[in-house]
Amino acid sequence: MTELYDFDTPIDRRGTWCIQWDGVADRFGVDGLLPFTISDMDFATAPEVLAALRDRLDHGVFGYTTWQQDDFRSAVAHWYATRYGTEIDTGQLVYGPSVLSQLSQLLQMWTAEGDGVVVHTPTYDGFRKAVTGLGRELRGVPVGDEEALVRELARPDAKVLVLCSPHNPTGRVWTADELARMAELSERFGVAVVSDEIHADFVHEGYVHVPWTRVAGAGGGRWALISSGSKAFNFPALTGSYGLVGDPADRAEFLRRMETAEGLASPAVLSLTAHIAAYREGGPWLDAVRAYVAGNLGHVAERLSADLPELGWEPPQAGYLAWIDLRAAGVDDAELQRVLVERERVAIMGGAVYGAPGFVRLNVGCPRGKAERGVEALIRAVKAVRSSPLGV
């Protein structure tokens with residue numbers, strides 16, 4: 001499948017205002033680093049999406065637009081039916097400029113200042129910013145620690161569980177049983193659930209994503225599934241996301257807030273165009289790019305196994321982000337980052353960003369040659385720091 005598409009040839013992204021390449025100095029203090037950072041890919045989006053965008057541009061008129069039309073709704077329903085074997089109620093659909101903007105609105109609807117919001121740790125930094133920025137209390141529970149999850153959900157002021165499914169940054173794919181258990185606990189303790197499923201389309205072979213709609217609502221309870229095609233098809237700059245909100249009154253309130261309080265009644269037409277094309281025609285491209293990225297992750301695993309076997313690293317179950325536990329290597333985080341930046345001239349996200357010192361997050365959604373350079377730079381930097389306290 002991958003032979004139908006060219007993922008090997010680099011596309012120069014410098015000078016295109018992209019955060020990963022042009023904004024590297026904002027986070028690392030130095031320009032010109034080879035970046036493996038923010039979670040977008042270095043690949044052009046699917047040809048079918050590009051063709052649909054060109055056709056829409058050729059029309060030439062870009063007036064106010066509505067997402068509440070059958071072309072968009074049926075495309076989302078088609079995607080869930082064909083990719084996940086799940087029938088969704090398109091009457092539950094809502095729309096927003098991003099999953100984080102949807103999360104912010106839902107938190108404002110379902111919590112008050114000082115309320116607890118439960119997340120799994122390590123935690124995507126966007127969740128932390130959204131929760132704490134609204135004056136809510138972020139309460140982390142380690143991935144897989146059910147005892148801690150029960151304890152935090154049972155607290156009287158715990159109001160929302162923000163679930164990342166699949167999980168970012170670990171790439172964990174939750175099983176149907178795990179999700180059903182979370183649904184049962186949330187309902188028992190009266191905690192609403194917001195399931196961010198933007199990484200769902202990048203689940204790797206051998207694992208199955210279960211949409212929250214499959215486990216939610218059996219006995220009532222507040223819930224929302226929020227997602228976007230922008231992650232898997234690599235068009236986040238077009239903006240645009242959608243959600244499914246279970247309760248009709250909550251759904252009406254969400255739409256009221258978006259359309260009146262936020263003034264977002266008209267979505268970006270190119271985002272709608274891209275979503276419809278991706279969900280109707282982009283499946284083969286997505287399968288190919290996912291297989292290519294799996295090859296990148298396999299290469300990372302092979303190189304780490306050969307040079308840093310003590311790490312015991314295995315590829316994630318979903319996504320293109322290699323979440324690597326370096327604690328067994330015994331390196332200092334700050335010194336490792338210094339060597340990566342000053343000597344290796346690469347930008348790799350440190351785990352402290354996600355509340356997990358001792359880890360790094362390496363983005364390999366890129367041509368194979370770039371992924372190879374990234375893992376080799378990481379290996380050299382770890383060895384340099386380990387052999388010398390000054391990394392020199």
Side-chain angles (χ1 to χ4, degrees), residues 1-7 40-41 43-99 102 165-166 195-205 208-214 225-245 266-293 318-320 365:
M1 180 69 72
T2 55
E3 64 271 12
L4 298 177
Y5 306 96
D6 179 11
F7 300 121
D40 66 10
M41 297 185 285
F43 307 124
T45 190
E48 296 81 2
V49 173
L50 290 173
L53 291 172
R54 292 187 184 103
D55 286 346
R56 189 63 185 82
L57 288 171
D58 286 344
H59 181 264
V61 180
F62 307 104
Y64 292 115
T65 306
T66 179
W67 62 269
Q68 299 192 58
Q69 31 82 9
D70 187 61
D71 287 342
F72 176 71
R73 286 173 162 159
S74 65
V76 176
H78 170 78
W79 189 250
Y80 277 76
T82 56
R83 303 302 284 199
Y84 306 119
T86 297
E87 182 178 349
I88 64 167
D89 178 358
T90 58
Q92 295 179 332
L93 278 170
V94 298
Y95 194 88
S98 70
V99 293
Q102 290 192 75
S165 181
S195 183
D196 176 356
E197 303 187 10
I198 197 169
H199 292 274
D201 296 331
F202 235 95
V203 169
H204 294 299
E205 187 173 354
V208 177
H209 172 71
V210 178
W212 186 258
T213 56
R214 297 257 289 273
L225 182 162
I226 56 178
S227 192
S228 173
S230 65
K231 186 68 64 177
F233 289 92
N234 207 39
F235 52 74
L238 297 180
T239 72
S241 68
Y242 59 88
L244 295 159
V245 179
S266 178
V269 67
L270 295 184
S271 176
L272 296 178
T273 301
H275 272 90
I276 293 167
Y279 284 176
R280 286 289 185 184
E281 306 172 65
W285 179 88
L286 178 60
D287 292 338
V289 76
R290 193 173 55 212
Y292 185 89
V293 165
Y320 47 82

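It should be emphasised that the depicted structure is a prediction, and the values quoted were computed from it without experimental measurement.
Residue pairs that meet the salt bridge (Lys or Arg N to Asp or Glu O under 4.0 Å) test with at least one member in residues 64-93, sequence neighbours left out, are R83-D287. Residue pairs that meet the side chain to side chain donor-acceptor pair (under 3.5 Å) test with at least one member in residues 232-241, sequence neighbours left out, are Q102-S241.
The two residues A288 and Y5 come nearest to each other via the heavy atoms CB-CD1, 3.5 Å. Nearest heavy-atom pair, A77 versus T90, reported as atom, atom and distance to 0.1 Å: CB-CG2, 3.8 Å. Across all non-hydrogen atoms, the minimal contact from G85 to R214 is O-NH1, 4.3 Å. A75 and I276 make their closest contact through CB-CA, 4.0 Å (heavy atoms, listed as atom of the first residue, atom of the second, distance). Between S227 and Y80, the shortest heavy-atom contact is CB-OH, 4.1 Å. Considering every non-hydrogen atom in both E48 and G282, the closest pair reads OE1-CA, 4.5 Å.
Every residue two or more places apart in sequence or in another chain that forms a side chain to side chain donor-acceptor pair (under 3.5 Å) with H209 is listed here: E197. T45 meets the side chain to side chain donor-acceptor pair (under 3.5 Å) test with no other residue; sequence neighbours excluded. Partners of R56 according to the side-chain contact (heavy atoms from CB on, under 4.5 Å) rule, which considers only residues two or more places apart in sequence or in another chain, are H59, F62, V269, L270, T273. Every residue was checked against the side chain to side chain donor-acceptor pair (under 3.5 Å) condition with S266, not counting sequence neighbours, and none meets it. For the side chain to side chain donor-acceptor pair (under 3.5 Å) test, no residue two or more places apart in sequence or in another chain qualifies with S165. For the ring-ring contact (aromatic ring centres under 6.0 Å, His included) test, residues two or more places apart in sequence or in another chain that qualify with F233 are W79, W285. Among residues two or more places apart in sequence or in another chain, the side-chain contact (heavy atoms from CB on, under 4.5 Å) test is passed with A232 by D201, F202, L286. The ring-ring contact (aromatic ring centres under 6.0 Å, His included) check on F43 picks up F7, Y292, with sequence neighbours excluded. Residues forming a side-chain contact (heavy atoms from CB on, under 4.5 Å) with A274 (at least two apart in sequence, or on another chain): V49, L53, F235, L238.
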### Message
Could you walk me through whether Y84 and T213 satisfy the side-chain hydrogen bond (donor to acceptor under 3.5 Å, both in side chains) test, starting with their C-alpha distance in whole Å, then the side-chain angles of each, then the deciding distance to 0.1 Å, before giving a yes or no?
### Response
CA-CA 11 Å; Y84 306 119; T213 56; over 6 Å; no
### Query
Please walk me through it: do F72 and Y95 pass side-chain contact (heavy atoms from CB on, under 4.5 Å)?
CA-CA 11 Å; F72 176 71; Y95 194 88; 3.9 Å; yes
### Message
Test side-chain contact (heavy atoms from CB on, under 4.5 Å) on L244 and V94; report intermediate values, then the result.
### Response
CA-CA 6 Å; L244 295 159; V94 298; over 6 Å; no
### Message
Under the criterion side-chain contact (heavy atoms from CB on, under 4.5 Å), I'd like the reasoning laid out for L272 against Q69: C-alpha separation, chi angles, the key distance, then a yes or no.
### Response
CA-CA 10 Å; L272 296 178; Q69 31 82 9; 4.0 Å; yes
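The backbone N or O of S271 lies less than 3.5 Å from a partner atom in the side chain of H275, making a donor-acceptor pair. In this structure, S228 contributes its side chain and G240 its backbone to a donor-acceptor pair below 3.5 Å. With hydrogens and angles disregarded, a donor-acceptor distance shorter than 3.5 Å links the side chain of T65 to the backbone of G63.
Atom-to-atom distance recorded for Y242:OH and Q92:CD is 13.5 Å, nearest 0.5 angstrom. Rounding to the nearest 0.5 Å gives a distance of 10.0 Å between OG of S230 and CG of D40.
The closest side-chain heavy-atom distance from Y320 to V289 is not below 4.5 Å. P211 places a side-chain heavy atom less than 4.5 Å from the side chain of L225.
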